[in-house]
Undergrad: 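The structure is given below, and queries will be raised subsequently.
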Amino acid sequence: MKLLEDLNDDQRAAVEFVDGASLVIAGAGSGKTRVLTYKIAYLLKKGLAPSSILALTFTNKAAREMKKRIADMVGERTARYLWMGTFHAVFSRILRAEAAHIGFSSHFTIYDSSDSGSLLKSIIKEMKLDDKQYRPGLVHSRISAAKNNLITPAAYSGSTDLLKSDNNARVPRIHEIYHVYTERCRMADAMDFDDLLLQTNILFRDHPEVLNKYREHFQYILVDEYQDTNYAQYLIVKKLSEQHQRICVVGDDAQSIYSFRGANIDNILQFKNNYSSAQVFKLEQNYRSTQTIVNAANSLIDKNAHQIRKKVFSEKAKGQKIKVLQVYSDIEEGQVIANHIADFKHLDEYDYQDIAVLYRTNAQSRVMEDQLRKNYIPYRIYGGLSFYQRKEIKDVIAYGRLIVNPNDEEALKRIINYPARGIGDTTLNKLLECAALHAVSAWEVLNQPLQYNLAVNAGTAKKLTGFADMMKVFMAQAEVLNAYELTGLVIKSTGLLSDTYVDRSPENLSRQENVQELLNAIHEFCETRADADEPAQLTDFLSEVSLLTDQDTDKESEKDKVTLMTVHAAKGLEFKVVFVVGMEEELFPSLFSMESPRELEEERRLFYVAITRAEERCFISYAKSRFKNGQIHFANPSRFIKDIDPVYLDQPAESPFAGRTTVFDDDFGPDSGFNQGLKLQGGPFPSFGRLSRKEPPASQSSSWKDAAQERALNPASVNPKKLTKLSRRQGDTPAAASSLPVGAKVRHQLFGEGVVLAVSMAGANEKAEIDFGSKGVKTLLLKFAKLEIL
DNA sequence: CTTAGTAGGCTTTTT
DNA sequence: GCCTACTAAG
């Protein structure tokens with residue numbers, strides 16, 4: 001078979017073995033995705049129907065990319081029928097189909113983490129507990145851990161161990177909160193992320209006929225990133241595959257970095273025990289990195305006790321040593337890296353797009369961004385707030401959610417008084433308490449206030465009725481309009497955007513554009529669905545969108561920029577040059593991991609992931625001082641640097657900071673407090689103060705400005721889903737010469753004919769205000785709006 | 001009930 | 001430094 005020619009012996013063996021369970025241990029850069037895609041193609045060529053193959057990935061992005069690659073091999077028409085996606089996406093689809101079995105409706109809402117947090121907060125308040133003691137985040141993580149281990153509220157209350165542990169942590173009533181939380185979710189016809197896995201397990205446990213249906217349906221199951229699966233995921237896979245054993249899991253225990261989310265590394269370590277006849281394949285040849293990088297990474301991971309031993313090797317060039325950079329401050333760190341990047345570019349060694357800066361926490365991006373901008377280096381940033389987490393987007397989505405599922409309490413809470421319509425906290429709390437008292441949804445009370453003795457005065461009652469009536473109009477319209485039309489109607493008739501029109505501040509413009517971008521996305525969704533002759537109602541859009549949190553498409557305008565992201569986000573990616581920054585104790589490894597050897601090993605794996613992203617050059621930097629929470633913190637170099645065999649490192653010969661390269665006051669010699677681990681809190685520090693406040697000229701021109709402004713003002717040009725810290729730093733640009741003259745007549749496919757009132761710039765993009773007569777005046781981005789000039 | 005202003009808290013990583 | 005949650009005034 002021709003497709004096998006592209007594979008090495010190990011890869012081919014893994015691909016061709018299809019008669020039983022198999023575990024593929026794939027070292028970093030060893031062609032893991034290649035094996036998965038070729039294996040699927042192989043199965044298809046062997047005659048397996050695409051719809052009978054289930055391929056589970058960890059991120060939407062991975063699923064998309066794999067699907068694309070397979071489509072290239074076997075054709076889009078075949079590939080589209082594969083069941084390929086994240087656990088959450090695939091099983092939410094199944095849960096919607098089987099919802100009736102477990103007491104949900106097929107259009108149940110998926111609560112995101114902030115919905116869960118907000119609901120927990122309400123519950124904690126209602127139970128009159130102290131939210132300092134019962135911090136919603138802490139409570140949520142305990143409940144989440146319980147769900148990931150398939151512990152229901154009843155089981156939780158029945159477990160003396162858990163109760164004891166909660167007692168010790170001084171949060172003895174968590175099991176009660178868990179009960180109420182579960183009831184409230186059910187009342188709201190909502191599932192949180194963890195429910196998607198828990199409820200799937202419940203469905204399969206309580207309805208063997210349903211389990212059998214899917215068992216027979218999925219003739220072959222593949223799981224990517226198996227080291228990151230948790231118990232709930234493990235059991236789903238096991239139930240589906242244990243009869244026919246046609247399962248292939250791929251992973252690398254050395255890259256298990258999600259235990260905080262319940263991932264259990266034992267799933268991969270114990271695979272052979274669970275599938276007794278399992279074949280194990282090891283992919284040990286790294287095709288990505290130089291020998292030095294691979295060997296350095298090996299020497300690091302060797303310090304972990306918990307692992308499957310393997311010999312990852314590279315046959316590429318030996319390559320240069322990993323350079324260790326030591327600097328005084330986070331600011332200098334940014335500066336030094338910016339200099340290196342500028343040199344690479346000027347010497348024509350690397351383009352910006354070949355370079356990534358990886359950090360442990362998103363908070364570290366700010367300083368790096370500042371320094372890159374000052375040096376006119378274009379960058380793109382992943383992480384921070386995703387598109388669908390922006391306030392204005394969540395508001396629109398919340399209206400949609402409530403229309404589709406009026407019992408969605410979190411959506412109701414969000415919009416019942418937004419835009420302001422005189423329904424304040426007092427009223428809302430009365431409403432929610434009343435609903436909780438009668439064990440009905442808030443929407444139910446809203447519709448029958450008298451029946452449930454809702455104690456509000458006549459004026460307030462009227463406002464509530466007004467809101468409910470408005471929503472009912474939308475709900476009726478939802479029957480006839482598609483998602484795009486309905487969302488447009490909602491935005492228009494609620495005046496959701498009206499407070500963004502009060503001025504032309506970059507923030508407001510950005511909000512408008514974000515909403516426009518959402519509308520564009522919905523529009524595109526509707527068209528795609530229409531082409532495929534599939535429904536394009538709001539409910540269809542929402543069920544797709546609720547699990548989209550992923551970084552997305554690389555657009556043309558994204559080319560040749562330095563990438564900034566967390567190490568977690570970088571998993572699965574590769575760059576010619578990688579800077580791993582902030583290699584300091586208490587940051588990497590993080591403070592929270594230092595107590596436990598297990599977590600420390602996970603941090604080490606994380607560092608391993610970071611280093612193995614690099615193909616040719618790798619830099620590691622650590623700073624002596626760093627701003628954290630508005631205070632200066634001092635730290636020692638990360639212990640992980642010492643874990644790397646020094647023969648692979650190019651580090652300053654002397655003790656930390658003795659051989660520094662920049663000119664500074666001599667306050668911090670090698671014997672200063674830093675090296676003794678002394679911690680200083682806050683307070684002005686003479687030399688540091690000077691260093692940190694020294695601002696470079698605020699000139700703005702050339703390439704970075706376009707980059708930054710694009711990012712700031714036009715989410716679409718960056719990457720539509722992920723975007724941090726919008727426009728604070730940049731103002732509006734003056735209008736440039738336009739391709740669209742004012743006064744021109746145009747036609748828009750939805751709004752019909754209109755007249756151009758004004759054209760201006762939004763970042764790097766032109767936008768036009770167009771009067772569509774009866775359809776109103778719209779502001780449209782020209783790059784999106786499909787306008788026909790008449 | 002709304003808004004503006006201030007005090008306090010917080011920070012790991014993400015489907 | 002940033003965001004949220006609370007407080008005081010309209």
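So you know, we letter chains A, B, ... as the sequences are listed, proteins then strands, and number each from 1. Values below: all heavy atoms of this structure, side chains included; hydrogens, waters and symmetry mates excluded.
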Undergrad: Kindly state whether the ring of A:H140 and the ring of A:Y178 have centres lying under 6.0 angstrom apart.
TA: no
Undergrad: In whole angstroms, how far is the P atom of B:dT15 from the OH atom of A:Y388?
TA: 14 Å
Undergrad: Inspect the contact between A:D643 and A:K303 and indicate whether a charged nitrogen and a carboxylate oxygen are less than 4.0 angstrom apart.
TA: no
Undergrad: Once you round it to whole Å, what is the distance between C1' of B:dT15 and CG of A:L95?
TA: 15 Å
Undergrad: Starting at NZ of A:K147 and ending at C1' of B:dT15, how long is that distance when rounded to a whole Å?
TA: 14 Å
Undergrad: For a side-chain hydrogen bond (donor to acceptor under 3.5 Å, both in side chains) with A:R626, tell me which candidate from A:H633, A:Q631, A:E584 qualifies.
TA: A:E584
Undergrad: Rounded to whole angstrom units, what separation is found between the NE2 atom of A:H140 and the P atom of B:dT15?
TA: 14 Å
Undergrad: Check whether any side-chain N or O of A:T566 sits under 4.0 Å from OP1 or OP2 of B:dT14, and answer yes or no.
TA: yes
Undergrad: Partners of A:K394 by salt bridge (Lys or Arg N to Asp or Glu O under 4.0 Å), sequence neighbours excluded?
TA: A:D112
Undergrad: Pick the closest DNA chain B nucleotide for A:E599 and for A:F58 by heavy atoms, then say which residue is nearer the 5' end.
TA: A:E599
Undergrad: Strictly by side chain to side chain donor-acceptor pair (under 3.5 Å), give each pair with a member in residues 590-599 of chain A just once, sequence neighbours left out.
TA: none
Undergrad: Can you tell me the distance, in whole Å, between the CG atom of A:N429 and the P atom of B:dC1?
TA: 10 Å
Undergrad: Please determine whether a side-chain nitrogen of the Lys or Arg among A:R414 and A:D115 lies less than 4.0 Å from a carboxylate oxygen of the Asp or Glu.
TA: no
Undergrad: On DNA chain B, nearest-nucleotide positions of A:L428 versus A:T86: which is more 5'?
TA: A:L428
Undergrad: Can you tell me if A:S590 touches the phosphate of B:dT13, counting only side-chain N or O atoms and a distance under 4.0 Å to OP1 or OP2?
TA: no
Undergrad: In this structure, how many angstroms lie between the P atom of B:dT15 and the NE2 atom of A:H88, rounded?
TA: 9 Å
Undergrad: Separation of A:R360 atom CZ from B:dT13 atom C1', in whole Å?
TA: 5 Å
Undergrad: Determine the interatomic distance between P on B:dT13 and the same-named atom on C:dT4; round to the nearest Å.
TA: 15 Å
Undergrad: When you compare the side chains of A:S329 and A:E332, does any donor N or O come within less than 3.5 Å of an acceptor on the partner?
TA: no
Undergrad: Using a heavy-atom cut-off of 4.0 Å across all strands, would you classify A:S593 as base, sugar-phosphate, or nothing?
TA: nothing
Undergrad: Pick base, sugar-phosphate or nothing for A:F87, based on heavy-atom distances below 4.0 Å to the nucleic acid.
TA: nothing
Undergrad: Using the aromatic ring of A:F260 (for Trp, its six-membered ring), decide whether it stacks on the base of B:dT13 within the limits of 5.5 Å and 30°.
TA: yes
Undergrad: Hey, does the side chain of A:R135 come within less than 4.0 Å of B:dG9's phosphate (OP1/OP2), counting only N and O?
TA: no
Undergrad: Protein-nucleotides 2-8 of chain B N/O pairs closer than 3.5 Å?
TA:
from	atom 1	to	atom 2	distance (Å)
B:dT2	OP1	A:N417	OD1	3.3
B:dT2	OP1	A:N417	ND2	3.2
B:dT2	OP1	A:G422	N	2.9
B:dT2	OP2	A:N417	ND2	3.1

